[in-house]
Amino acid sequence: MQKMRASDRKNISLLRKEVIIYMFIGIAGFLIILLGFILKPPQTYYKLKDVALGTYVNIVIGSNKINPERIAKAILDELKRLTVKFDPRNPKSIIHKINEANGDWVSVDEETFTLIKASIRFAQITDGAFDPTLGKLIELWGFDVMKPHLPTDDEIKETLKHSGYKNVLFDDKNMRVKLLNGIKLDLGGIAKGYALEKARQIAKSFDPDVTGFVEAGGDIRIIGPKFGREPWVVAIKDPRKEEPTDFIYLLDGAVATSGDYERFFEMNGRRYHHILDPKTGYPARGTWSATVIAEDAVTADALATAAFVLGKDWRFVVLEFPKLRGHVMLVLEGGTIKKSDTFKLFEREE
Ligand code: AMP
Ligand code: MG
């Protein structure tokens, strides 16, 4: 038998090494592909429609780890919890309790304390255009009970005296809130945004890679890009027509629209709607709708209400609101559209 030469032996061991390396590459490749399949964002979405926050809600969820139906139901429960908690008309609501405290200090939970503080901060940075203390005026107009009517000038003047965000006092140490001057809180311009923000948090607590969005009455919080990579296409309602006036593309963040078509009545050819100008006590004039894109739904909601009120001063709004982290599109009375340059970043050339 011929003896194997040392160089042959070396070649064989090299060959073995090569085979092992190729096998290793093969297995690694297979594992990567397998992992890709496991982690791949879903191609289908679970959709849940219901009523909460005084409007229609639409929850669209995709997850590979958790049954998306479970996530959507948990979100709906949360939206319903917050609907009760922040509705000033509901006797179970903490806002009701604060409003009925006759100017005494009221101890509140952290969530309430933080949201009321945030609402006052939006009042400060919008110079009072957003004002969460219009409760009495909203009652006077009857928008709270969906039975709006036209009050007299005197009634409006008198009620206006019992409003103003500077009348809210905070006791940080004991987490207490106190209302001065007979004012009443109404968080209707920000609570929906807060609820949408919480909805996203809940979804992420089930699965950090969850995708989808939550919509409440046209306000939207993105939970994650479509199929994990594509933007959601959001239609912006035309305030006077059925078809959309614009489309935006969102991978993340939120968008909110305030419009004079949401809740209104007409009298003597004039439209009276639910967004009040805190300076006059009357429905804000000059704007048909205001849409704000922001990183979070609280900012989008509060700034959309403020942008609507300030719409007459559209130059200020489209230029200054991006500094408050809100990108604005206004549809002014008559239909003229004005946008922040930053808003256009979310549109696409047709
Ligand atoms: P939105 O649809 O987000 O603009 O909120 C409108 C709701 O906010 C109204 O139904 C009222 O409850 C409340 N609201 C009305 N006017 C204002 C205002 N100027 N600032 C803050 N909230 C307001
Ligand atoms: Mg709002």
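Positions are given from 1, in the same order as the sequence printed here. Numbering of ligands and ligand atoms starts at 1, following listing order.
His273 places no side-chain N or O within donor-acceptor distance of the main-chain N or O of Trp288, the cut-off being under 3.5 Å. A donor-acceptor pair under 3.5 Å is absent between the side-chain atoms of Trp141 and the main chain of Lys136, judged by distance alone. Here the side chain of Ser163 pairs no donor or acceptor atom with the backbone of Thr159 at under 3.5 angstrom.
Contacts between Ile275 and ligand 1, counted as non-hydrogen atom pairs separated by less than 4.0 Å, involve both the backbone and the side chain. At a heavy-atom cutoff of 4.0 Å, ligand 1 is contacted by no atom of Lys192, backbone or side chain. Counting heavy atoms under 4.0 Å from ligand 1, residue Ala129 touches it through the backbone alone. At a heavy-atom distance under 4.0 Å, no atom of Ile190 approaches ligand 1.
Among all protein heavy atoms, the one lying closest to atom 11 (C) of ligand 1 is Ile138 CD1, 3.5 Å. What sits closest to atom 15 (C) of ligand 1 on the protein, heavy atoms only, is His274 O, 3.2 Å. In terms of protein heavy-atom proximity, atom 2 (O) of ligand 1 is closest to Glu262 OE1, 3.4 Å. When only non-hydrogen protein atoms are considered, atom 4 (O) of ligand 1 lies nearest to Ser258 OG, 2.6 Å. Counting only heavy atoms of the protein, atom 23 (C) of ligand 1 lies nearest to Thr305 CG2, 4.1 Å. In this structure, atom 16 (N) of ligand 1 lies nearest to the protein heavy atom Leu276 N, 3.0 Å. In terms of protein heavy atoms, atom 21 (C) of ligand 1 is closest to Asp131 O, 3.2 Å. Leu134 CD1, 3.7 Å is the protein heavy atom nearest to atom 17 (C) of ligand 1.
Cation-pi geometry between Arg200 and Tyr194 is not satisfied (NZ or CZ under 6.0 Å from the ring centre, within 45° of the ring normal). For the pair Lys237 and Tyr261, the cation-pi test (distance below 6.0 Å, angle within 45°) is passed. Taking the ring axis of Tyr56 as reference, the NZ or CZ atom of Lys49 does not stay both within 45° of it and closer than 6.0 Å to the ring centre. A cation-pi arrangement is found for Arg348 relative to Tyr249, the charged atom lying closer than 6.0 Å to the ring centre and inside a 45° cone about the ring normal.
Electrostatic pairing of Arg81 and Glu111 counts as a salt bridge here, judged by a charged N lying under 4.0 Å from a carboxylate O.
Checked against a 3.5 angstrom limit, the closest N/O atoms of Thr257 and ligand 1 fall outside it. Some N or O of Gly189 is nearer than 3.5 Å to an N or O of ligand 1, by distance alone.
Assignment of Phe308 to the shell around ligand 1 is not supported, since no heavy atom sits closer than 4.0 Å.
Contact record, Arg271 with Asp260: NH1-O, 3.3 Å, taken as the closest heavy-atom pair.
Below 4.0 Å from some heavy atom of Val309 lie the following atoms of ligand 1, by number and element: 19 (N). The Asp186 neighbourhood of ligand 1 comprises atoms 11 (C), 12 (O), 13 (C), with distances under 4.0 Å to a heavy atom of that residue. Under a 4.0 Å criterion applied to the non-hydrogen atoms of Pro278, ligand 1 contributes the atoms 19 (N). The distance from ligand 1 to the heavy atoms of Asp301 drops below 4.0 Å at these ligand atoms: 3 (O).
Tested against Trp232, the residues Phe213, Phe227, Phe247 include a single ring-ring contact (aromatic ring centres under 6.0 Å, His included) partner, Phe213. The only member of Lys80, Glu78, Lys73 that meets side chain to side chain contact (heavy atoms under 4.5 Å, CB included) when paired with Leu76 is Lys80.
With hydrogens and angles left out, the side-chain atoms of Thr152 and Asp154 include no donor and acceptor closer than 3.5 Å. In this model, no donor atom of one side chain and acceptor atom of the other lie less than 3.5 Å apart for Ser63 and Tyr46. When only modelled atom types and interatomic distance are considered, Ser93 and Asp87 share no side-chain donor-acceptor pair under 3.5 Å.
Ordered by chain and number, Gly189 O, Asp301 O, Asp301 OD1, Thr305 OG1 make up the set of protein N, O or S atoms under 2.8 Å of the Mg ion (ligand 2).
Under the 4.5 Å side-chain heavy-atom criterion for Ile, Leu, Val, Met, Phe, Trp and Tyr, Leu303 and Val309 are members of distinct hydrophobic clusters.
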